[in-house]
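The chains referred to below are lettered A, B, ... by the order of the sequence lines, with proteins before strands, and numbering in each begins at 1. Below, each value reflects all heavy atoms present in this structure, side chains not excepted, and no hydrogens, waters or symmetry copies.
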Amino acid sequence: MTTDNPTTPSDTGHRYTSELAGRLELRWQDRWEEEGTFDAPNPVGDLAPDTAQLSDGAKYFLMDMFPYPSGAGLHVGHPLGYIATDVVGRYRRMRGDNVLHALGYDAFGLPAELYAVQTGRHPRETTLENIANMRRQLRRLGLGHDPRRSFATIDPDFVKWTQWIFLQIFNSWYDDDLNRARPIDELIAEFENGARDVPGGAVWADLSAAEREEVIAGYRLAYISDAPVNWAPGLGTVLANEEVTADGRSERGNFPVFKRRLRQWNLRITAYADRLIDDLDRVDWPESGKLMQRNWIGRSHGAQVQFAVPGIDEPIEVFTTRPDTLFGASYMVLAPEHPLVEVLAADAWPAHTDTRWTGGSATPAEAIAAYRARAAAKSDVERQENKEKTGVFTGAFAVNPVNGEQIPVFIADYVLMGYGTGAIMAVPGHDERDFEFAQVLGLPTPRVIDGEGDLPFTGEGPLVNSSNAEISLDGLSVAEAKQRIIAWLEEQGTGQGTTTYRLRDWLFSRQRYWGEPFPIVYDEHDTPIALPESMLPVELPEVPDYSPRTYAPDDVESEPEPPLARATDWVNVELDLGDGPKTYRRETNTMPNWAGSSWYELRYTDPHNTERIADPANERYWMGPQEQRRPNDPGGVDFYIGGVEHMVLHLLYVRFWHKVLFDLGYVSSEEPFYRLFNQGYIQAYAYTDARGAYVPADEVVEAEDGTFTYHGEPVQREYGKMGKSLKNVVTPDEMYETFGADTFRVYEMSMGPLDVSRPWETRAVVGSQRFLQRVWRLVVDEETGNARVTEDDLDSATLGILHRTIAGVRADMEELRFNTAIAKLIELTNHLTKQSVSARGALEPLVQMLAPFAPHLAEELWERLGHDATITYVPYPEADPRYLVAEEVTCVVQVQGKVRGKLQVSPDIAEDALTEIALAEPNVVRTIDGREIRKVIVKAPKLVNIVV
RNA sequence: GCCGGGUUGGCGGAAUGGUAGACGCGAUGGUCUCAAAAACCAUUGUCCGAAAGGGCGUGCGGGUUCGAGUCCCGCACCCGGCACCA
C-alpha cells in the first residue's frame with residue numbers, strides 16, 4: 001500500500017525521520033568506536049590507563065547473560081535485556097561510576113553442530129559468521145559496550161582457560177572439616193604421612209599407583225563414575241539432571257531420556273550444596289529465583305537409622321526427616337534396585353503370608369525378580385504416570401530399634417534408589433505414600449501423633465504411643481521429639497542426625513563434537529591423567545562427521561558413541577608426561593555447553609591475560625567484596641540481567657565454579673553475581689489456519705467483531721514465543737529501518753516493567769517516534785536545521801515541572817522503572833512543547849535525562865546545543881528542592897469517602913483553614929444536605945474527608 | 001499435590017492506605033492539504049443526563065478502615081518451578 005511520497009517542503013532533511021535518525025545513529029556509533037567512549041580502564045595490565053590512575057568513581061560491573069549466536073539472527077525480543085543493561089550503564093556513567101559493560105558469545109553448542117551435520121560446513125566457520133551477524137545487529141542498537149573485552153567461548157585462548165579450570169577442579173578435593181576445596185597434593189600428603197586414614201583401611205605405601213589413583217578419584221571434584229545417567233538416544237548424548245524436564249525428556253529437542261549405567265565424568269557439586277544454599281542469603285536476587293535454587297538443591301534435615309535384620313550382618317540403613325515417628329514405623333521399603341535385597345530375601349514365604357504381599361509368586365526370589373523386571377521396563381515417564389502403589393514382600397523382617405518389634409521388609413518402586421539411602425522406614429499413620437501402600441497391602445497404621453484429623457495425619461501434635469523402657473517421647477512436640485530421639489539413637493549407636501540433598505553431582509561429559517575437549521589422557525591402566533598447563537589448549541581435531549551416532553529416540557539398548565572417537569590419529573597420541581614418551585589415549589567426550597558460561601564473568605575483567613584467568617588486581621577491583629558498602633559482602637558482578645530459565649542450570653553451575661576458584665585462591669569474590677534481575681520476555685501472537693498451519697502474522701487482519709482473518713479466511717490466534725516456524729518474527733533490522741534504533745530502544749523500555757512479559761505490537765512503536773520527534777523539534781528548527789535554544793530564564797511553572805521530573809526520573813532510574821521514567825519525560829516534553837519553551841535551562845536537562853534511552857539523539861542534540869564532548873559522562877541532572885514544592889496543589893474534598901469537590905490551595909495551608917474552605921464548597925454543601933457532620937479527616941493539603 | 005508469581009479500559013500499562021486508569025497504542029472528531037500520508041489539536045472506563053451532576057466500576061465472596069486496586073480471611077482462574085525426594 002506504500003506509495004512514493006513526493007518531497008514536501010518540510011521533508012528537506014531537518015525533520016527527525018527514520019532516515020535522519022539512521023544517519024545520525026551511524027555517525028555517533030562510529031564516533032563512539034573511534035574515541036573508545038565506553039572503554040573501561042583496568043587497574044593493571046593491557047587495559048590499564050597510561051595515566052596512572054582510575055577515576056575516583058565507584059566501579060560498576062554490569063553484565064547480560066551470554067548470548068548464543070543463533071543462525072536465525074535476532075528478533076525484537078532478544079535486545080530487551082541488552083537495552084536495559086545499556087540504559088543502566090549509561091545512567092551509571094552519568095552518575096560518575098566507572099562502568100564495565102561488554103558482551104561475549106557463548107558459541108559452543110548443539111545448534112551449530114546440527115547445522116554442521118546438515119551442511120557439512122565446519123561449525124567454527126558458521127558460528128563465526130553468526131557472531132559477525134549478531135555483532136552487526138547489536139552495534140546498530142547503539143550499545144555502550146567496551147569492544148576490547150568481547151570474546152567467544154570457542155576462541156582457543158578462552159578454551160585454554162576453560163580447560164585450565166577443569167584441571168584445577170580435577171586436581172582438588174573437598175575438605176569437609178575446613179569446608180573448602182584444597183589441592184589434591186595436600187590430600188596425598190596426608191595419606192602419605194598418615195594424618196588421614198586411607199578409606200577401607202589400606203596402607204598407602206602398599207598400594208599400587210593405579211590403586212592410589214582409585215582412592216584419590218573418590219575425592220577429586222572431577223571424577224569418572226560408572227553410574228546410572230540420563231541417556232537420550234535420539235540426541236546421541238547423555239545429559240545432566242538439570243537438562244532433563246520433569247516429564248523425563250531432554251530440555252533440548254524433547255527426546256525421551258532413559259537411565260543407563262555408563263562411565264562418565266562428574267563434577268562434585270554436591271560438596272558445595274550447603275554453601276550454595278547458605279550464600280543465597282548474601283546476594284541480592286529475586287526471592288523466587290533463590291527459592292528455585294533452594295528447591296533444586298533440596299536440603300532436608302533428618303536422621304539415618306539402622307534397622308538390624310536377624311541373621312544378616314549388615315543392617316538396613318534408612319533416611320527419614322521424621323525420626324520422631326519412629327515408634328509408628330510398621331514396615332520397611334527398599335528400592336527395587338537396592339543392593340541389600342538379594343542378601344536379605346528369604347528362601348520361602350513365612351507361614352500365613354498375606355497373598356497381597358507375594359505378587360502371586362511361589363517364593364520371595366521369584367516375586368522380587370518379577371517385580372524388578374516390571375520396574376526396569378518402565379521409563380521414568382511411565383513410573384510417574386502410574387502412581388498406584390505396588391510392591392512385594394522380601395520374606396524378611398527387620399527390627400525397629402526403638403521397640404524391638406519385627407516389621408516386614410518390602411520392595412516397592414515408590415522408593416527411589418537415588419535419594420537418601422534408597423530405603424525407608426514406613427510410617428503409614430503419618431505419611432500419605434506409606435498410608436496408600438499400607439492400604440493396598442493390608443498393613444497396620446498405628447498412630448503416634450495426636451491431633452484432629454484422620455490418618456494419614458501429617459500435621460503437628462503431641463506424640464503418643466511412643467515410649468520404651470529407656471525413653472519416652474509421649475507429650476512432646478514434633479520438634480522436641482526429633483531432637484530427643486536423635487540424641488537417643490546416637491547414644492545407642494543405631495542412628496545419627498544427618499542432612500540429605502536432592503542435588504546430584506553434575507554430569508559433565510557429552511558425546512558431542514562442538515564443545516571443549518577434556519585436557520585428559522588415559523594410560524595403559526585406563527587411569528585418567530591431567531595434561532600439563534603447557535599443553536593447553538587441547539584443540540578439536542578435524543573430523544569427517546560432526547555427529548555422534550544417534551538412534552531411534554526410544555532405543556534403550558543403544559550405546560553413546562562420541563564423534564571424537566573416530567579421529568583415531570588424534571585420540572592415540574604420543575606424549576612425554578614425565579616418564580618419557582609413551583602412547584596415551586585421549587578423552588573423546590567433550591564438555592557440556594555450560595562450561596564456558598561457568599566462568600566467563602571473570603574473563604571480562606581481564607580478557608587478554610595470557611598468564612592467568614584474570615589478574616587478581618583486576619578481579620578484585622571489579623568483583624571483590626565491597627565491605628565498605630555492605631557487610632559480609634560476597635562480591636561479584638554488580639548487576640546481572642537475564643532470563644529465569646537459567647536460574648537452575650547456568651546460575652547453579654557458575655556459582656559452583658566460582659566457589660571452587662575462590663577456595664583455591666584464584667579469585668577474591670565468593671559469589672559471581674551480587675545482584676541478579678530476571679527480565680520478562682517479549683511475546684507475540686501467532687495465527688493458524690483451518691488446517692492448523694501457521695500463516696504470516698503480519699498479514700492477518702482483525703475484524704470488527706474481534707476475530708482474525710488471513711486473506712479472507714478465518715484464523716485462530718495464539719499467544720507465545722516469537723519464532724521462525726510460527727511466522728511471527730519481527731526483527732530489530734526492520735525497526736532500525738522503519739523507526740531508527742533510538743525509537744526502538746525507547747519503545748522497548750516504555751512497554752512496561754522490565755520483569756514482566758508482554759506482547760509485541762509494531763503499530764504502537766510510532767508513539768515513541770512521535771515523542772522523540774517532539775524532543776527534536778524543541779531543539780532544532782525543522783525549517784532551517786538551526787538550534788532554537790535561547791538563554792531565557794524559566795518561568796515558575798516550567799521550573800516546577802522540570803525539577804519534579806528530575807526528582808521522579810532519578811528515583812525511577814534507581815529502581816529500574818524505565819517505563820514510568822519515560823512517561824515523565826514525555827510529560828515534560830509535552831509541557832515544553834505546549835508552552836513553546838526553548839530555554840537552555842529546560843532543554844539541556846531533558847536531553848541529559850533522555851540520553852540513557854535515546855543516546856544517539858541525545859548526543860546529536862547535545863552537540864547542537866553547543867557542546868563538543870560526548871554526553872556520556874555529563875553529570876546527571878539534580879533536582880533543586882526549592883522548586884519541588886508546587887505553588888498550588890489540588891485538594892480533594894470527599895464526603896463519605898467519595899470525591900465531591902476539588903480545591904486549588906496553597907501547599908502550606910493550615911488544617912483549620914482548609915476544613916473551612918472545604919465545608920463551604922457548593923457541591924459538598926449540597927451532598928451533605930444538612931446532615932450532621934460526625935468527623936472531618938484532614939490530610940493537608942491534599943485531602944479532606946467529611947463523615948456524616 | 002506442594003511452592004512461587006499474577007488477574008486494573010478495546011490493547012500495553014500507571015497509581016507512599018487518600019482524585020483509579022499517568023504515559024502510550026487504537027478509536028472518534030478537527031486543523032493543514034486539490035487529496036492522501038505525516039504532523040499537530042481535542043475527546044475517549046461504563047451507564048443515565050442537553051448540561052450541571054449522578055449511579056456503577058481494579059477476577060469472585062467476606063472483613064478491617066473515615067477511606068481499600070493497595071491490608072486481612074476464603075475462593076476461582078492464568079503463568080512458572082518442583083513432583084512417590086521419605
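- Base-pair partner of B:G9: not found among the strands shown (Watson-Crick or G-U wobble, both distances under 3.5 Å).
- Nucleotide B:U46 forms a pair with B:G55, judged by Watson-Crick or G-U wobble geometry with both contacts under 3.5 Å.
- Close to B:A14, at under 4.0 Å from its OP1 or OP2, lies no side-chain N or O of A:R817.
- An OP1 or OP2 oxygen of B:C3 is reached within less than 4.0 angstrom by no side-chain nitrogen or oxygen of A:S288.
- Salt-bridge annotation for A:R299 and A:D274: present, with a side-chain N of the basic residue lying under 4.0 Å from a carboxylate O of the acidic one.
- Applying the 3.5 Å distance criterion, the base of B:C23 shares no donor-acceptor pair with the side chain of A:K824.
- The P atoms of B:C48 and B:C40 are separated by 34 Å, rounded to the nearest whole Å.
- Look at B:A39: its Watson-Crick or wobble partner, with both distances under 3.5 angstrom, is B:U31.
- The phosphate of B:C23 has neither OP1 nor OP2 within less than 4.0 Å of any side-chain N or O from A:N819.
- The partner of B:C2 is B:G81, judged by Watson-Crick or G-U wobble contacts that both fall below 3.5 Å.
- Here A:R926 does not reach the OP1 or OP2 of B:G53: none of its side-chain N or O atoms lies under 4.0 Å away.
- OP1 or OP2 of B:G24 has at least one side-chain nitrogen or oxygen of A:R774 nearer than 4.0 Å.
- Looking at heavy atoms from C-beta onward, A:Y331 lies out of side-chain contact with A:V409 at the 4.5 angstrom threshold.
- Look at A:R900 and you'll find a side-chain N or O under 4.0 angstrom from OP1 or OP2 of B:G54.
- Taking syn as a glycosidic angle within 90° of 0, B:G9 qualifies as syn.
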